[in-house]
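Reading through the structure tokens given below for one structure.
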Amino acid sequence: MVFHNGPHSQLRGWALASIGIDIGGTFTDVVAIDDDGAQRIAKLPSTRADPSAAVRTALAQLLPQWGIAAADVTCFAHGTTVATNAVLERRGARLGLLTTAGFEDVLEIGRQNRRQIYELMLKPETPAFLAPGARRRGVVEAIGPDGSVQTPLDMASLEAAVAALVAADVEAIAICFLYAFANPAHERAAAAFIRESHPRLTVSISSQVDPAFREYERTVVTAFDAYVKAGLDRYLGDMERDLAGAGIDAPLQIMQSRGGVCGARVARQRPIRLFLSGPAAGVVGARAAGRSAGHEDLITVDIGGTSCDIALIARGAPVIRPEGLLDGYRIRVPMVDVNSIGAGGGSIAWIDAGGGLRVGPQSAGAEPGPACYARGGEDATVTDASIVLGYLDPHYFAGGTLRLDPDLAARAIEHKVARPLGLSLREAALGIHRVLNAQMAEGIRLVSISRGMDPRRFSLMPFGGGGALHATALARELGMTTVVVPRHPGVLCAAGLLSAQIEHEAAAGFLARLDAADPAEILAVCARLADECAARMRDEGVATEAVATTCYADVCYVGQAHHLEVPLATGTPEAMLSSLYVDFCERYDKVHGHHTRAPARFVNLRVVQRTPNRAQPPSSARDGVAGRAAVPGRRRIILLADIDHPVNAEVVDRDSLARGAILHGPAIVEQSDTTTLIEPGWTGRVASDLSLILTRQP
């Protein structure tokens, strides 16, 4: 299934083009932008068994259809969930772990902190599945906290440990020696021995993956890196061959969880940086769309077919957190702060043991999909409820390329929800929407109110295929008065890939109190890290003068175990330290809602180098031409205010809306990649960049 915005299919072939492809759980989104800023979009069903199959289909079908010569593609950016799915589905490599002798069980012991402190039956919260005890071995060696060698690396011990792991049929080995972040010599020597004696094995060492203190966290992130490295390497290799086979010479760029793109070669070296690659691209795209519309304080809601990703952007900058959560495990990797919940258009409605209506996290996905897809799905989903409520046009879903069956949708809701709960069909469908909206509203509160930020001061930006359908209901629930709907919200993640900057990061452990640190030593470490980033930039052909360098410090209060990332200000060395403390206190207050004047200390130093991507931002001047033959007219829909009396809603094709056009709710705005529901009491205005700005009437 492929669909695209109609006017662009009539454009002439392009001279140059940049392509972004984001693979989601249900759909694969494609955006192409030419050197003048004109864009074309498409959606294809994701192929879970082989995610790259949808990419091959896009290249084979869309490039000729859009008149793009393969040789003229200058940028190809990609967001992938391969690393994430390998963990969720336990499809990573058979892993062995080497540690300093005596520390073999760090991965299983973990921390005392519990996420579910009131559960009577405790469950393991450490990822021991990565390397069970039989595949963990200790090596005789010791590095001191100051980096001095206390016990030299015992090669006989190393050889015996590696031989035992090889006998256990491991496919990858993670190495995490004590204090390797202070002196990586032993880890590097061990890795060199393994690569020479067993070249088929994949190796990850902690001093490259996560050179920071706290042994358990460093072991976890290194083990996950090795666990997914081989699979990601195969995937990226296949994709590069697919691009070459299609005649595309542009280098493959991959979205990282921090919000920047990097070349495939760097991504192969540090696959752990690709967790939450897709959601990060959505936040980057939302930031660009918000800036274009004049809104820099945003709460973003990306509602796809499988999940809902929520993030906060303050003053044009997304929040970066020092660690992420994947499948219940904390992984110390800097990433865009995205709160993901199992709520989307394909989320399945079900009844729990207490007789309560639940929605998700299970999803019908793309195969078989919601019942209305007529592909064998029998469960009632959110999309089925949207059909019953009249919000979606069964004949224009996905631009008219996928016809939905309203009878199957009604039958699924009737059998699975309405009859068991003693509700009418309308009540059951509306109940599904209300439960889903309540879950998403709670997710928004977690990224705003729980961190001391009032969501009423932000604009809501919905995107993804289902975001705009729920936007006004969510805003009303949270007391928000403004909703910004981008021009093409259904493919904003793919567009974000092309508005992202090329970015490289290098970090080093640095343990010192702020009031006792040597500024010269700080600057020397930052200079060394900047050189590492610059080398990676040169590998990607980026000119030195195009690079912007920012230094960060991970800081916490003395006695604390969790830190925050704070930029290091330029200026005199003395002023750098004093302003760092002030900035840290302000950042701490923003994140946690309070701060103290207690002493603080360094944990790590980090350098990030960025440069603008080669893609041009989309030009709204090339949009706005009618894409449908006729104005749809009006449709009766069901709203919470009066469930027994459907209201007539104006139905408008978004491609027909010119700048300055005004809409009053109830109204439905349809386009090929999404549907926007404007409830009564809301007014929509088309902005100069063709964003649709919805405001709630007082």
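FYI, side chains are in, hydrogens and waters are out, and symmetry mates aren't considered; it's all heavy atoms of this structure. Numbers for residues simply follow the sequence, beginning at 1.
- Looking at Arg321, its side chain does come within 3.5 Å of a backbone N or O of Glu323 through a donor-acceptor pair.
- Look at Asp655 and Arg487 and you find a salt bridge, because one of the NZ, NE, NH1 or NH2 atoms lies within 4.0 Å of a carboxylate O, short of that distance.
- Sorted by first and then second residue, the side chain to side chain donor-acceptor pair (under 3.5 Å) pairs involving residues 464-475 (not counting sequence neighbours) are Asn437-His470.
- Between Val333 and Arg273 there is a side-chain heavy-atom pair separated by less than 4.5 Å.
- In the displayed structure, Arg587 atom CZ is contacted under 6.0 Å by more than 12 heavy atoms of other residues, nucleotides or ligands.
- Between Leu469 and Thr674, every side-chain heavy-atom pair lies at or beyond the 4.5 Å cut-off.
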Show me, pair by pair, the donor-acceptor contacts under 3.5 angstrom made by side chains of residues 340-348, not counting sequence neighbours?
| unit_1 | atom_1 | unit_2 | atom_2 | d |
| --- | --- | --- | --- | --- |
| Ser340 | OG | Asp309 | OD1 | 2.6 |
| Ser347 | OG | Gly344 | N | 2.6 |
| Ser347 | OG | Gly344 | O | 3.2 |

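- Sorted by first and then second residue, the ring-ring contact (aromatic ring centres under 6.0 Å, His included) pairs involving residues 316-354 (not counting sequence neighbours) are Phe129-Tyr329.
- With sequence neighbours excluded, the residues satisfying side chain to side chain contact (heavy atoms under 4.5 Å, CB included) with Pro420 are Ile351.
- We find that Arg654 and Glu670 are not joined by a salt bridge, their nearest charged nitrogen and carboxylate oxygen being 4.0 Å or further apart.
- Legend: residues meeting side chain to side chain donor-acceptor pair (under 3.5 Å) with Gln697, ordered by chain and number and at least two apart, are Thr683.
- Side-chain atoms of Asp653 and Ser656 include no donor-acceptor pair closer than 3.5 Å.
- The six-membered or imidazole ring of His594 lies near that of Tyr588, with a centre-to-centre distance under 6.0 Å.
- Electrostatic pairing of Glu217 and Arg330 does not count as a salt bridge here, judged by no charged N lying under 4.0 Å from a carboxylate O.
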Please tabulate, one pair per line, all N/O donor-acceptor pairs under 3.5 Å involving side-chain atoms of residues 425-436, not counting sequence neighbours.
| unit_1 | atom_1 | unit_2 | atom_2 | d |
| --- | --- | --- | --- | --- |
| Glu427 | OE1 | Ser424 | N | 3.0 |
| Glu427 | OE1 | Ser424 | OG | 3.3 |
| His433 | NE2 | Ser386 | OG | 2.9 |

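- With salt bridges taken as basic N to acidic carboxylate O contacts below 4.0 Å, one links Glu442 and Arg445.
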